[in-house]
Amino acid sequence: MNTPVTTSRRNPRGSRLRAAAASAAAVALAATGLAAWPASASAAADGIVVQYRTSASGASADQSEPWLKVRNAGSSSVPLSGVKLRYYFKADSASAAYRFACSWAVKGCANITGTFGTPANPTATVDRYLEIGFTAGAGSLAPGADTGDMQLRFHQASWASLVQSDDYSFGPDRTAYGDWSKVTAHVSGATVWGEAPGGNGPTDPPDPTDPPTDPPGDAPTLFDDFNYSSHTDPKIGANGWSVRSNPGGPGVPGATWAPENVTFASQSGNSVMNLETSTAGTGASTKHTEILTKSMKFKNGTYASRVRFSDAPRSGPDGDRIVQTFFTINDLKAPMADDYAEYDFEYLPNGGWGEPANILYTTSWETYRPDPWEAVNAHSEVRASYAGWHDLVVTIDDNRITYYVDGQHFGTHGAAYLPERPMSINFNQWLIDLQGQPSTTPRSYDQQVDYVLHVKDQVLTPAQVNAMVGSYRSAGKTFEDTVPGS
């Protein structure tokens, strides 16, 4: 497809609110063959104990308030960045969207993350869960230590009252901290505390620390080292890419998409593509950049790229709400169309969409409606700086979408968000608005891309991705595309 499909992409502020279509549960129920963590395990397995209390004990409430502590009852220190907790609940409707908040925490709310997910096997008391994670800033738990209070809460995006009495993890009589097996804890791919309801233990993504096996040699593959001379190099089009020049969204109204700002240079022995986005504080002065495959022929399998994000402009004042991306997408044929699909890495170095500072999102889309806004998606996020080079991997099989950053598991989204139609592969950098930095002094931001890889219908570990890219480079091969057209 020669027309970039991203012209219809929208301001995704509302996309950060998870919604689930009524069909999502049916799709999730149909998923089979999931490799699952054990449904339960004793505290002795890793020494982790979860304690719970609620400060909102009514059968219904404006918001649910699961306050948690994590205690290390083992004999060795446990890094909290490897610990995930899950609180299971029943949504108030199939389309209900929820927001997470941290009111106060001994470890600091900035070091605690909360995302919502849909379990594979809904029950009478569970069709959603809240997953709590920790950034590296939360540190480690020494033997005998605990996190102290984590005063957490979540509510419907509409602020409608929610029912708690039918929630699996809710304990109305738990008004003081005590051990609670209905909140599960997971460390490095193993359930170490609690019991998940009815086969809803988290899926077990490939361990990125496993030694690589030989990558498949016969799977259809796209590999591009971006070894081009300029945006006018005829090899770009011959190799299936389009450098965008047509107007439209996303981003600042009146901005242009500037092919000349897509450049190539040698760096550490590899050719690197640079996307430059610039502005002088007006729509007319703003230039966005994007490159995408002309064909929508990519669906299940492994997608990988090495991308350099930037926190600050190359020149001029900082502060613009800029978005730096690697994603796949197809076209929305009608509002809330079931066959829409999109899978994003989106880095916001200066915040935006209601976020005040650095945040990296991974988002899996089922569908959306632009007006009035309604979104069905799942997302994971980390609020931290990701300036510098990063290895980004997303895998899509028949059961799940799994994201990795620098070889570490970043998020998994369920079967409800799997693609129905093939997609294009895209990189773009654009400004959400001009409110973050009102100055009229010119400034420019860089996003760099080292390579892109897609292996059709094969789920590779990050280690296998690195081995495959290394093989291409050892052989001196800068481009290959054996993926059949859709």
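Predicted model, so just to flag it, every value in this text is computed and none were measured.
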Discussion item. Does any part of the side chain of Asp233, heavy atoms only, come nearer than 4.5 Å to the side chain of Phe264, both counted from C-beta?
Written reply: no
Worksheet, complete the sentence: Of Asn426, Thr328, Ile329, the one forming a side chain to side chain contact (heavy atoms under 4.5 Å, CB included) with Glu342 is Ile329
Worksheet item: So, does Thr482 use its side chain to make a donor-acceptor pair with the main chain of Thr221 at under 3.5 Å?
Response: yes
Worksheet item: Are Asn350 and Asp318 linked by a side-chain donor-acceptor pair shorter than 3.5 Å?
Response: yes
Worksheet item: Do you know the tightest heavy-atom contact between Ile432 and Gly351?
Response: CD1-O, 4.5 Å
Worksheet item: Angle class for the Trp241/Phe226 ring planes (parallel below 30°, perpendicular above 60°, tilted otherwise)?
Response: tilted
Discussion item. What I'd like to find out is whether the side chain of Gln448 reaches to under 4.5 Å of the side chain of Trp389, using heavy atoms alone.
Written reply: yes
Worksheet item: For the side chain of Tyr445 and the backbone of Asp320, is there at least one donor-acceptor N/O pair under 3.5 Å apart?
Response: yes
Worksheet entry | Whether Thr279 side chain and Gly281 backbone form a donor-acceptor pair below 3.5 Å | yes
Item to complete: Identify the heavy atoms of Asn300 and His454 that sit nearest to each other, and give their distance.
Response: O-CE1, 3.6 Å
Practice prompt. Please check if any side-chain donor atom of His413 sits under 3.5 Å from a side-chain acceptor atom of Thr363, or the reverse.
Written response: no
Discussion item. Is there a side-chain contact between Lys456 and Pro484 in this structure, where contact means two heavy atoms from C-beta onward sitting under 4.5 Å apart?
Written reply: yes
Item to complete: Find the distance between CG (Asn358) and CG (Asp311) and round it off to the nearest 0.5 Å.
Response: 5.0 Å
Worksheet entry | Distance-only donor-acceptor check, side chains Thr289 and Asn261, under 3.5 Å | no
Worksheet item: Is any NZ, NE, NH1 or NH2 atom of the basic residue among Asp225 and Arg473 found under 4.0 Å from an Asp or Glu carboxylate oxygen of the other?
Response: yes
Discussion item. If you define the side chain from C-beta out and look only at heavy atoms, does anything of Leu392 sit under 4.5 Å from Arg306?
Written reply: no
Worksheet item: Got a second to check how far Tyr451's OH is from Asp224's CG, nearest 0.5 Å?
Response: 12.5 Å
Worksheet entry | Spatial distance of atom OG1 (Thr367) from atom CE (Met336) [nearest 0.5 Å] | 5.0 Å
Item to complete: Flag the pair Phe309 / Tyr347 as yes when their ring centroid distance falls below 6.0 Å, and as no otherwise.
Response: yes
Practice prompt. Report yes or no: does Gln447 contribute a side-chain atom to a donor-acceptor pair with the main-chain N or O of Gln324 at less than 3.5 Å?
Written response: no
Item to complete: Find the distance between CG (Leu453) and CD (Gln464) and round it off to the nearest 0.5 Å.
Response: 11.0 Å
Worksheet item: Would you say the side chains of Tyr129 and Glu131 form a donor-acceptor pair under 3.5 Å?
Response: no
Item to complete: Could you tell me whether the side chain of Thr113 and the main chain of Val382 form a donor-acceptor pair under 3.5 Å?
Response: no
Discussion item. Checking Ser103 against Arg153 for the side chain to side chain donor-acceptor pair (under 3.5 Å) test, could you report, in this order, the C-alpha distance in whole Å, the side-chain angles of both residues, the deciding distance, and whether it holds?
Written reply: CA-CA 7 Å; Ser103 297; Arg153 56 190 171 88; 2.8 Å; yes
Discussion item. Using modelled atom types and a 3.5 Å cut-off, is there a donor and acceptor pairing between side-chain atoms of Asp406 and backbone atoms of Asp391?
Written reply: yes
Discussion item. Testing the 3.5 Å rule here: is there a donor-acceptor pair between the side chains of His288 and Glu290?
Written reply: no
Discussion item. Ignoring hydrogens, what is the shortest heavy-atom contact between Ala91 and Tyr98? Give both atom names and the distance.
Written reply: CA-OH, 3.3 Å
Discussion item. Please find the pair of heavy atoms, one from Val483 and one from Leu222, that lie closest to each other, and give the distance.
Written reply: CG2-N, 3.8 Å
Worksheet item: If every non-hydrogen atom of Ile396 is compared with every non-hydrogen atom of Pro419, which pair is closest and at what distance?
Response: CG2-CD, 3.7 Å
Practice prompt. First locate atom CD1 of Ile132, then atom CG of Leu80, and finally report the distance between them rounded to the nearest 0.5 Å.
Written response: 12.5 Å
Discussion item. Do Tyr343 and Tyr303 have side chains that approach each other closer than 4.5 Å (heavy atoms only, starting at C-beta)?
Written reply: no
Discussion item. As a quick check of understanding, evaluate side chain to side chain contact (heavy atoms under 4.5 Å, CB included) for Phe326 and Val449, giving each step before the final call.
Written reply: CA-CA 9 Å; Phe326 165 44; Val449 183; over 6 Å; no
Worksheet item: How are the rings of Trp365 and Tyr368 set to each other: parallel, tilted or perpendicular (split at 30° and 60°)?
Response: perpendicular
Item to complete: State whether Arg308 and Asp446 are salt-bridged, where the test is any N-O pair (Lys NZ or Arg NE/NH1/NH2 against Asp/Glu carboxylate O) under 4.0 Å.
Response: no
Discussion item. Contact between Arg321 and Gln435 at the side-chain level, heavy atoms closer than 4.5 Å - yes or no?
Written reply: yes
Response to the item:
What one should report as the nearest heavy-atom pair of Val83 and Pro79 is CG2-O, 3.8 Å
Worksheet item: Looking at Phe100 versus Phe154, is the centre-to-centre ring distance below 6.0 Å?
Response: no
Worksheet entry | Expected output: side-chain Ser305 to main-chain Val307 donor-acceptor under 3.5 Å | no
Worksheet entry | Heavy-atom donor-acceptor pair, Ser242 side chain to Thr293 backbone, under 3.5 Å | no
Worksheet item: In Å, rounded to the nearest 0.5 Å, how long is the span from OG of Ser245 to CD of Glu260?
Response: 9.5 Å
Practice prompt. Evaluate side chain to side chain contact (heavy atoms under 4.5 Å, CB included) for Glu355 paired with Leu348, printing each intermediate quantity in order.
Written response: CA-CA 9 Å; Glu355 291 290 332; Leu348 282 61; 5.5 Å; no
Practice prompt. Applying side chain to side chain contact (heavy atoms under 4.5 Å, CB included), run through Thr302 and Val393 and close with a yes or a no.
Written response: CA-CA 7 Å; Thr302 298; Val393 177; 4.0 Å; yes
Discussion item. When you compare the side chain of Tyr386 with that of Val405, does any pair of heavy atoms fall below 4.5 Å?
Written reply: yes
Practice prompt. Would you sort out whether Phe134 and Asn111 count as a side chain to side chain contact (heavy atoms under 4.5 Å, CB included), showing the intermediate values?
Written response: CA-CA 6 Å; Phe134 301 88; Asn111 294 316; 5.9 Å; no
Discussion item. So does Asn246 get a backbone contact from the side chain of Arg244, meaning a donor-acceptor N/O pair under 3.5 Å?
Written reply: yes
Discussion item. Is it the case that the side chains of Ser364 and Tyr403 hold a donor-acceptor pair, with the cut-off being a distance below 3.5 Å and no angle test?
Written reply: yes
Worksheet item: Can you find a pair of side-chain heavy atoms, one from Phe345 and one from Val394, that are under 4.5 Å apart?
Response: yes
Discussion item. Between Arg421 (side chain only) and Met296 (backbone N and O only), is there a donor and an acceptor less than 3.5 Å apart?
Written reply: no
